[in-house]
Amino acid sequence: MSKKEIIDEVTMKRAITRITYEIIERNKELDKLVIVGIKTRGVYIAKRIQERLKQLENIDIPLGELDTKPFRDDVKTADNTTEMPVSITDREIILVDDVLYTGRTIRAAIDGLVEIGRPSKVSLAVLVDRGHRELPIRADYVGKNIPTARDEEIIVHVAEIDGADSILIKKED
Ligand SMILES: O=P(O)(O)OC[C@H]1O[C@H](OP(=O)(O)OP(=O)(O)O)[C@H](O)[C@@H]1O
Ligand SMILES: O=c1cc[nH]c(=O)[nH]1
């Protein structure tokens, strides 16, 4: 097994900045947005986007933290640790995650959202799309498309949890 860095801190920051510019370009009513990070690491990517929107547009967009575990189709947990600071009904949600793979986490995330409100629109931003979808789900904003083999793994490190920002690929030898 080998682990190799494929995206460094600077390139990861640029990718998040580009996603933020695309969100600004495609959303004329920024004050309707709610950013929702998927626990765990999606929350930290969501916070970076929120900070960049504040720097670029001087706007405070509310940020929620979504627990998808109670809505999974494999191993479910009973308690829901979702934290949402505002009502999401009639708001435009930007769901944020670090990696998009099979799409099953996003399917669960949509269930988690509709349980607490009725958004007028839900879009998806991911730092990495590694392919291999098992459901008809696609991202609206993609930081990096990284083609992978099924037996590889993409590992996103964020400074807040892992000590530094970086994206690694894990391969079986
Ligand atoms: O498209 P999928 O096949 O559902 O895979 C993508 C999900 O897998 C990872 O979550 P993980 O469960 O490893 O949690 P983490 O964010 O806490 O690392 C990643 O953060 C995505 O949420
Ligand atoms: O490679 C993968 C697949 C799912 N989730 C990850 O974080 N990485």
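Note that ligands are numbered from 1 as they come in the structure, with each ligand's atoms numbered from 1 the same way.
- The Thr102 neighbourhood of ligand 1 comprises atoms 1 (O), 2 (P), 3 (O), 4 (O), with distances under 4.0 Å to a heavy atom of that residue.
- Residue contact check: Tyr101 has heavy atoms under 4.0 Å from atoms 3 (C), 4 (C) of ligand 2.
- Neither Leu124 nor Ile35 shares a network with the other; the hydrophobic side chains, linked directly or stepwise wherever heavy atoms of I, L, V, M, F, W or Y lie under 4.5 Å apart, form separate groups for each.
- Counting the atoms of ligand 1 from 1 in the order shown, those under 4.0 Å from a heavy atom of Arg41 are 16 (O), 18 (O).
- Residue Glu153 has no nitrogen or oxygen atom sitting less than 3.5 Å from a nitrogen or oxygen atom of ligand 2, judged on distance alone.
- Side chains of Thr89 and Arg118: no donor on one and acceptor on the other come within 3.5 Å.
- When only non-hydrogen protein atoms are considered, atom 8 (O) of ligand 1 lies nearest to Thr105 OG1, 4.3 Å.
- Considering both main-chain and side-chain atoms, Val99 never comes within under 3.5 Å of ligand 1 through any nitrogen or oxygen pair.
- Numbered from 1 in the order shown, with element, the atoms of ligand 2 that lie under 4.0 Å from a heavy atom of Ile154 read 1 (O), 2 (C), 6 (C), 7 (O), 8 (N).
- In this structure, the protein non-hydrogen atom closest to atom 1 (O) of ligand 2 is Arg130 NH1, 2.6 Å.
- Short contacts between ligand 2 and Val99, defined as distances under 4.0 Å to a heavy atom of the residue, involve ligand atoms 6 (C), 7 (O), 8 (N).
- Nearest to atom 5 (O) of ligand 1 among the protein's heavy atoms is Tyr101 CB, 3.6 Å.
- For the 3.5 Å distance criterion, the side chains of Thr148 and Arg130 qualify, holding a donor opposite an acceptor.
- Scanning the protein for heavy atoms near atom 15 (P) of ligand 1, the closest one is Thr40 N, 3.9 Å.
- Only the side chain of Asp98 comes within contact range of ligand 1, with a heavy atom under 4.0 Å; no backbone atom does.
- In summary, the side chains of Lys39 and Thr68 do not present any donor paired with an acceptor at a separation below 3.5 Å, with no hydrogens or angles considered.
- Comment: Glu134 engages Arg150 in a salt bridge, judged by a side-chain N to carboxylate O separation of less than 4.0 angstrom.
- At a heavy-atom distance under 4.0 Å, only side-chain atoms of Asp97, from C-beta outward, approach ligand 1.
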